[in-house]
Amino acid sequence: MKHSSFSLLAFSFSQASRTLLFLSLCLLWQTSQAQSVKSPNGQLTLTFALQADGVPTYQLTYKGRPVLKTSTLGLELKTSPSLTNGFAVAGTKTATFNETWQPVWGEVKTIRNHYNELAVTLTQAASSRTMLVRFRVFDDGLGFRYEFPRQPKLDYFVIKEEKTQFALAGDHKAFWLPGDYDTQEYSTVTSNLSEVRGKMKAAVTPNASQTTFSETGLQTPLMLKSKDGLYINIHEAALIDYSTMSLELDDKNFVLASHLTPDARGDKGYLQTPALSPWRTVIVSDRAGDILESKLVLNLNEPTKYKDTSWIKPVKYVGVWWEMITGKSTWSYTNQENIKLDSIDYAKVKPNGTHGANTAHVKEYIDFAAKHGFDAVLVEGWNTGWEDWFGKSKDYVFDFVTPYPDFDVQELHRYAASKNVKIIMHHETSGSVRNYERHLDQAYKFMVDNGYNAVKSGYVGDIIPRGEHHYGQWLNNHYLYTITKAADYKIMVNAHEAVRPTGLARTYPNLIGNEAARGTEYESFGGNNADHTTILPFTRLIGGPMDYTPGIFQTKVSAYNPQNTSFVHSTLARQLALYVTMYSPLQMAADLPETYNKFLDAFQFIKDVAVDWDDTKVLEAEPGDYITYARKAKGQDKWFVGSTCDEQGRTSKINLSFLPAGKKYTATIYADAKNAHYEKNPQAYQIRKVSVTNKTKLSQLCAPGGGYAISIM
C-alpha cells in the first residue's frame, strides 16, 4: 500500500515537472519570437515581443540605455472581447524608407524622412480577429500605431480605452500640464513624476472650459529628462478620426498609460475597419536641441493632399486684438444683454463707445501695416452677437456674416486692397460647433467675396453638442472638416482653443496656426511664468507652430486699462527673440501701433524678421532654463538669432559657425540692458551693430526673464 502511494506521488511530481517544463518551453517559444529593429544610425533599438497569454509588448533603448522598459500594447473594446491578449504572431515584415521632401512652409527647406520599419501582424485565435502594430524607428525616435484590416470578425467597434503603455526607466523630471479634455491653457509644472499627485490641485487653475480626469493625468506633448541625461518627449502624430490621447501616470512604477478623451456617452471612439490609430511618438536624445530639431511628428503624417499650394503663404500681421484683451476696448458694439440675432436691430440700439472694430480705427491699423510692410490686419469683434456670446450655452450665437453698424465691410475691403494689405477674418464659435457648421459654407463664401484669405477661429467655452469635449473624436473630425472645407475656398486657418497639433499641417498646410496653449493673452490675465517660453518649444510646439502673438512692448497692462494690474513677464528684448524661438508661419506684432511708434528702433527687428525659413539650428537649449535658435530666412542670405531665458537670467555664449565661410555680415543685436529685469525694468534694452563672420563667438547677457534677438545681414 505504501509502495503504491509512493509510486503515485512520484508520478504526480513527474507529471507536474513535465507540465512546468511544457509551460516554460511555451513561454520561451513565445518570448523567443521577439523582433528587433534599429534606427538607421544604430543608436535606437525597438524590440517587440509577446508575453505569456499572448500580450503584445515593446521596449526601446538609446545607445544601450533604457528609454522604455517592457510596455504593453492593445485596446479594450466596449461590447466585444478586447484586443489586449491571446495573440499569436502571424507574420512580420521589415522595411527601410529614405526620402527628402519639401514643406510648403517650415523651419527648414527640406526634411529627411528616414526610418527602419517593423510591421507585426497579430491574430487572436479565440475571436478570429487580426491587428497589426507598425513601428517606425528614426534616428531621433520611435513612432508606432495600430492598424485594423477589413475582416469578417472586426467591422464596427467601440473603444472603451486604449491600453498603450510607456514604462519609464525612473522618476524622471517632467514638464507637465494637468490632463484635461477641454483645455491646454495651464501653466507648465516642472517636477519629478513622483511629485505630480501632490502638485496637481494647485496646477488646475480656472478656465473657460475644463474637464480634468485624474490626480495623475497628464497631457501630451510630455517632456521628460532622466537623471542620467536622456531627453524624452511623448506625443502623437496624425490624429485623424480618433480621440486625443492623454496619459495616466502610475506614480509608483513610473508607467504612463494612454487615456483617450471620451464623448458625451463616455465612449472613447467609434471605428470601422479598415482603420488606423494615430501614431504614438517617442522622441529621444542625450542633447536637448535634438528634441527641438526633430521632424519625426511631421514625417509620420501624410504628404499634402493639395495639388496647388500657391495660395498658402506665411503671414506677418497686426490687429485689433490686444486692446480688447487688456480691456481698453470691447468686442461688443453695445452693452445690451440677452441678444437674439434674428430679432435685434442694431441700428436702433445705443452704441457703447468702446467698440474696437470700427471702420475708422481699422483703417488706422491698415495704414500702420502698409507703412511698415506687414501682410495683414486681424480684426476681432466686427460681427454681431458679442454682447452675450459667452457662458450662456447659446446655440445660435453668431452668423459670421453680419457686421456691426460701424464696420463697413465693403469700404474696408476697398481700402485694404488699395494699400496691398489683407484683413484676417475672425470666427469665434463660443463652442457652438453645430451653429458653426450650419453657417460654414456661407461664412467662407462671404470671406472670398470680401477679400479675406485667412481666418482665426475660436472655440471658447463648453461645446455644443452639449457633453462633447474639445479633444474628443467628434470635435477632432470637426476641426479637420473646417480645414478641408476652407481649402475649397483657398482659405488659411488659424484655430484657437482647438486640439493640440499633431503634424497635420504637413498634410493640410492651410492649417497655418494654432493656439492650444497659454499664449500672450494670459499676460493680461495674471501673467505667464517667466520660464514659459523656455518650455513651450519642447512641449506644445512639437506637433506644430503656435500663434503665440508676441511683440508686447508696453509690459504694464495698466497703461491701457488702469483697472488691470497684470504685467507681461518678459523684457522687451525677449519679446523680439520670440519671433525666432516661438516658430510660426503666422506671426503677429500684437501691441498697439501708438506703442510701437515710441520704440521704432526696436520695432525694426519685427519688421525685418522672416516668417519662413530655409534652415534652423538650435545653438543652446535646456528645457525650463533657456533656448537659443538661429534661422536662415527663406531664399535670402539673412540669419536671425533669438534667445529666451528663465527668471534666473544668464550669459549666453554662442558661435556663428553656421554662417558661410569667407563672408562678412553686419549683426544688429537687440539685447537687454545691464539693469534690465522682467519685473523691475522690462523696457531697458540696447541695440548695437558688429561685424561678424563664421568664426565669430558672442557672449551676451540675458536678464532675468529676458533674452536677445540678432539680425545678421
Side-chain angles (χ1 to χ4, degrees), residues 41 100-103 105-114 139-140 231 283 285-296 298 314 533-534 537-538 541-542 545 573-574 576-585 587 604-606 608-623 625-645 650-672 687-702 706-713:
N41 66 7
T100 299
W101 59 279
Q102 291 190 340
W105 44 259
E107 296 177 272
V108 291
K109 184 177 181 179
T110 60
I111 294 174
R112 190 180 185 192
N113 185 11
H114 189 197
D139 288 344
D140 51 350
Y231 299 90
I283 305 171
S285 180
D286 50 13
R287 175 182 174 266
D290 289 344
I291 307 296
L292 301 176
E293 292 177 359
S294 172
K295 298 296 178 285
L296 182 147
L298 281 177
T533 55
T534 71
F538 286 100
L541 272 73
I542 291 296
R574 207 246 302 260
L576 300 179
L578 298 180
Y579 289 92
V580 182
T581 66
M582 294 292 294
Y583 168 66
S584 179
Q587 288 284 19
Q604 186 63 43
F605 182 83
I606 300 178
D608 291 338
V609 70
V611 288
D612 200 13
W613 308 101
D614 273 343
D615 200 6
T616 290
K617 309 285 186 187
V618 178
L619 307 183
E620 309 171 291
E622 182 61 33
D625 294 339
Y626 55 86
I627 302 173
T628 306
Y629 277 99
R631 303 189 194 268
K632 182 181 181 296
K634 178 65 66 71
Q636 300 180 74
D637 190 16
K638 298 178 181 179
W639 285 82
F640 295 87
V641 177
S643 186
T644 176
C645 74
R650 64 187 294 267
T651 298
S652 170
K653 296 181 182 295
I654 61 172
N655 69 68
L656 306 186
S657 58
F658 53 84
L659 295 174
K663 297 186 72 172
K664 287 186 178 181
Y665 294 83
T666 297
T668 306
I669 303 172
Y670 303 78
D672 295 318
I687 303 172
R688 71 184 194 275
K689 292 182 184 288
V690 296
S691 180
V692 299
T693 70
N694 73 324
K695 295 180 180 178
T696 301
K697 295 181 179 180
L698 293 177
S699 179
Q700 181 59 55
L701 168 73
C702 294
Y708 62 87
I710 308 174
S711 61
I712 304 173
M713 304 184 187

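What you see below is based on every heavy atom in this structure, not just the backbone, and it leaves out hydrogens, waters and symmetry mates.
Partners of Y665 according to the ring pair (Phe, Tyr, Trp, His ring centres under 6.0 Å) rule, which considers only residues two or more places apart in sequence or in another chain, do not exist here.
Looking only at distances, no side-chain donor or acceptor of K697 sits under 3.5 Å from a matching main-chain atom of K695. Here the side chain of D672 pairs a donor or acceptor atom with the backbone of G707 at under 3.5 angstrom. Remark: the backbone N or O of G642 is not paired with any side-chain donor or acceptor of T581 at under 3.5 angstrom. Judged purely by atom type and a 3.5 angstrom limit, D139 uses its side chain to pair as donor or acceptor with the backbone of N41. In this structure a side-chain-to-backbone donor-acceptor pair under 3.5 Å is present from T696 to T693. Remark: the backbone N or O of K632 is not paired with any side-chain donor or acceptor of D614 at under 3.5 angstrom.
For R631 and F640, the positive end is not near the middle of the six-membered ring at less than 6.0 Å and at most 45° from its axis.
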For side-chain contact (heavy atoms from CB on, under 4.5 Å), just list the numbers for I669 and I687, CA-CA rounded to whole Å, side-chain angles, deciding distance to a tenth of an Å, and then say yes or no.
-> CA-CA 6 Å; I669 303 172; I687 303 172; over 6 Å; no

Could you walk me through whether F605 and I710 pass side-chain contact (heavy atoms from CB on, under 4.5 Å), step by step?
-> CA-CA 8 Å; F605 182 83; I710 308 174; 5.9 Å; no

Test log, rule side chain to side chain donor-acceptor pair (under 3.5 Å), inputs E620 and T628 = CA-CA 5 Å; E620 309 171 291; T628 306; 2.6 Å; yes

Intermediate values then yes/no, side chain to side chain donor-acceptor pair (under 3.5 Å), Y708 and S652 = CA-CA 9 Å; Y708 62 87; S652 170; 2.7 Å; yes

Taking it one step at a time, do Y231 and E622 satisfy side chain to side chain donor-acceptor pair (under 3.5 Å)?
-> CA-CA 10 Å; Y231 299 90; E622 182 61 33; 2.5 Å; yes

List the steps, then state whether side-chain contact (heavy atoms from CB on, under 4.5 Å) holds for M713 with T666.
-> CA-CA 5 Å; M713 304 184 187; T666 297; 5.9 Å; no

Check the pair D608, K638 against salt bridge (charged side-chain N to carboxylate O under 4.0 Å, His left out), reporting the backbone distance first and the verdict last.
-> CA-CA 10 Å; D608 291 338; K638 298 178 181 179; over 6 Å; no

Do N113 and T100 pass the side-chain contact (heavy atoms from CB on, under 4.5 Å) test, and can you show the C-alpha distance, the side-chain angles, and the key distance before you say yes or no?
-> CA-CA 6 Å; N113 185 11; T100 299; over 6 Å; no

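Counting heavy atoms from C-beta outward, Y583 and E107 have side chains that approach closer than 4.5 Å. Using a 4.5 Å heavy-atom threshold, the side chains of Y579 and I606 count as touching. Using a 4.5 Å heavy-atom cutoff, the side chains of T616 and Y629 are in contact. Looking at heavy atoms from C-beta onward, V611 lies out of side-chain contact with W105 at the 4.5 angstrom threshold. Residues Y670 and S711 have side chains in contact (heavy-atom distance under 4.5 Å, counting atoms from C-beta outward).
The shortest non-hydrogen separation linking K689 to T668 is NZ-OG1, 3.0 Å. Nearest approach of I627 to P537, heavy atoms of both residues: CD1-CG, 3.6 Å. Considering every non-hydrogen atom in both D290 and S285, the closest pair reads OD2-OG, 2.6 Å. Across every non-hydrogen atom of C645 and R574, the tightest pair is O-NH1, 2.8 Å. V609 and V580 get closest at one heavy-atom pair: CG2-CG2, 4.2 Å.
Atom NZ of K634 is surrounded by more than 12 heavy atoms from other residues, nucleotides or ligands within 6.0 Å.
Looking at D140 and K295, no side-chain N of the basic residue comes within less than 4.0 Å of a carboxylate O on the acidic one, giving no salt bridge.
Defined by atom type and a distance below 3.5 Å, a donor-acceptor pair is present between the side-chain atoms of T644 and T533.
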